[in-house]
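Each remark here refers to the structure printed beneath this line.
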Amino acid sequence: MPPTIAFPSTPAPSKNAAWQQRSRRHVWHPCTQSIRLEAVPPLPIARGEGVWLFDHDGRRYLDATSSWWVNLFGHAHPAINAALKDQLDKLSHVMLAGCTHAPAVELAERLAALTGHALGHCFYASDGASAVEIALKMSFHAWRNAGRSGKQNFVAVRRGYHGETLGALHVTDVPVFRDAYAPLLANAHLVASPDARTARPGEHAADVARRAAAELEALLAERHASIAAVIVEPLVQCATGMAMHDPEYLRLVRALCDRYEVHLIADEIAVGCGRTGTFFACEQAGIWPDFLCLSKGISGGYLPLALVMTRDAIYEGFVDDDVARSFLHSHSYTGNALACRAAIATLDLFEQEDALRRNCARGERLIGKLREGLRGMPVAHLRQCGMIAAFDVREPGARFAERFHLAARANGLLMRPIGATVYLMPPYVIGDDEIDLLVDATLATLQAVAAPSHADHAEGGRDAALA
Ligand SMILES: *Cc1c(COP(=O)(O)O)cnc(C)c1O
């Protein structure tokens, strides 16, 4: 009898590869150097559930960046899904000029209550950058309404990030995003970052905060008559590589803004909604800004929604017969009912799940496991704030962020280091076992990638943009 011939089973054609090819052909991917798409093809995600994303070939990835910091309670959360399905059958969208609706009203009411009514009015937009634009325009306009039209300039913190539309970009100090468009941008004053990593020998984080605030004071003393507002990212400058600072900085900046009659804009787009341990990051300093920007997590990571909260007294300054005194700014989808409803469902989850308290325990487990696992590894500045943990890799070598990203994928993680900074910023619903898995896979990835090379490493944001 002739031997039976065993044909090797041909592997099923990859569905991922087909989506990657079609994507490359017609989708212009953001924050991506297109020439690297061959080496780093986008992950084609078919569905999400909890902290997991699934590709078209059935592999799963833990969403360790919360999909660019927007997802709070996991993908496809049953309660948010149900709220959206209910809202879909009632009202998806209606213009907010001349109309109003329950989700927009209820969300504004609940957010105001969360600030103890310090910030009583809420202006809606769609993306984080548009919230920043609105805060800048409102500040300038509020001063003009008060007869102080000379206040036209803004102060931003070095290596800060506030979005990439032209107004937001002018207060952003991340070279990779800014440099190409510099000729289009107005100039903002830049002041020192309170980044605790810049502590000199013997200094604490609060000393760095005082040093940075002293630089702001010198600027305001000289220029306050022409300055409308200072814009800060409270507690963590995320996009520049999770640079963390002492809350003392926010207290000092608040006091300086009061003294020199300058508005304080808190950009809580990344750090708000519980990410740092309190619902608003500013709460940890015991201050309120004059304008507070929220986006990213506010809709649970479901739909584009942004908003600017401000004091009733500032709102009152725009109430006038003269149209030029009213706030002249509108987006077509402002106050979108579905997005607002997703946000209300998200706020409900904060209450029902006691999310802030549980995050505290999860954050502790995350940093504890990391501290243990990183012992003896070539890393520095392990740091944590709420549900953000980060460390910097010494001598990361060329294309570190890209290599790490690819190796992490192979280990079932979706991660995008920023330059040499590796960060973990998972959804709040991550379980203990998933935290352990996340840390173990991160350490395995680091081991696989940490090449003892002395090649260049890109500065903040660059690798993030190119990975
Ligand atoms: C992401 C981010 C923005 C911009 O938000 P988009 O929705 O991406 O426009 C602004 N400020 C901070 C602090 C951010 O992290």
Side-chain angles (χ1 to χ4, degrees), residues 28-32 65-72 123-139 154-174 176-178 181 185 188 190 193-195 229-245 249-250 253 264-276 280-282 289 291-309 329 331 333-334 336 339 342-343 385-388 390 416 418-419 421 423 425 460-461 464-465:
W28 194 331
H29 289 273
C31 214
T32 299
T65 62
S66 295
S67 288
W68 254 354
W69 322 342
V70 302
N71 192 292
L72 305 188
F123 192 99
Y124 290 111
S126 319
D127 288 283
S130 57
V132 170
E133 302 281 337
I134 287 162
L136 298 175
K137 281 176 72 176
M138 261 185 192
S139 170
F154 297 94
V155 182
V157 177
R158 279 194 195 283
R159 301 175 58 75
Y161 178 89
H162 299 287
E164 292 166 60
T165 55
L166 293 178
L169 196 54
H170 113 276
V171 287
T172 287
D173 183 40
V174 180
V176 67
F177 299 127
R178 198 193 145 90
Y181 309 101
L185 304 175
L190 289 176
S193 165
D195 182 352
V230 178
I231 183 166
V232 300
E233 293 163 87
L235 299 186
V236 191
Q237 291 180 288
C238 294
T240 198
M242 304 298 157
M244 299 181 184
H245 59 254
Y249 182 70
L250 302 171
V253 173
L264 174 57
I265 301 172
D267 176 351
E268 295 221 6
I269 289 164
V271 295
C273 303
R275 189 49 80 174
T276 67
F280 298 107
C282 281
F291 301 94
L292 191 148
C293 306
L294 281 186
S295 188
K296 291 203 165 106
I298 186 63
S299 71
Y302 268 64
L303 286 158
L305 177 66
L307 53 95
V308 178
M309 302 176 69
H329 190 99
H331 294 289
Y333 280 99
T334 190
N336 177 263
C385 184
M387 280 292 266
I388 308 172
R416 284 170 70 102
I418 300 171
T421 297
Y423 71 90
M425 200 160 166

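The basis for the numbers below is simple: all heavy atoms, side chains too, and nothing from hydrogens, waters or symmetry mates. Here, residue 1 is the first one in the sequence, and each next residue gets the next number. Every number for a ligand or one of its atoms is a count from 1 in the order of the listing.
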Between Gly167 and Glu133, what is the shortest heavy-atom contact and its length?
N-OE2, 2.9 Å
Any idea which atoms of ligand 1 are less than 4.0 Å away from a heavy-atom of Gly163?
4 (C), 10 (C)
Min side-chain heavy-atom separation Ile231-Phe154 under 4.5 Å:
no
Can you find a side-chain donor-acceptor pair between Ser193 and Gln237 that sits under 3.5 Å?
yes
Of the protein's non-hydrogen atoms, which lies at the shortest distance from atom 15 (O) of ligand 1, and what is that distance?
Lys296 NZ, 2.6 Å
Could you check whether any side-chain N or O of Ser66 sits under 3.5 Å from a backbone N or O of Met425, counting only pairs where one atom can act as donor and the other as acceptor?
yes
For Ala270, the ligand 1 atoms with a heavy-atom partner under 4.0 Å come out as 15 (O)
Report yes if some heavy atom in the side chain of Thr65 is under 4.5 Å from a heavy atom in the side chain of Tyr423; otherwise report no.
yes
Under 4.0 Å from a heavy atom of Trp69: give me the atoms of ligand 1 that qualify, with their elements.
15 (O)
Tyr161 versus Asp267, closest heavy-atom pair with distance
O-OD2, 3.7 Å
Which of the numbered atoms in ligand 1 are under 4.0 angstrom from any heavy atom belonging to Gly128?
4 (C), 5 (O), 6 (P), 7 (O), 9 (O)
Report yes or no: does Trp68 have a heavy atom closer than 4.0 Å to ligand 1?
no
Just going by heavy-atom distances, which of Asp267, Ile231, Val132, Thr172 is nearest to atom 11 (N) of ligand 1?
Asp267
Suppose we measure from atom 9 (O) of ligand 1 to each protein heavy atom; which comes out shortest, and what is that distance?
Ala129 N, 2.8 Å
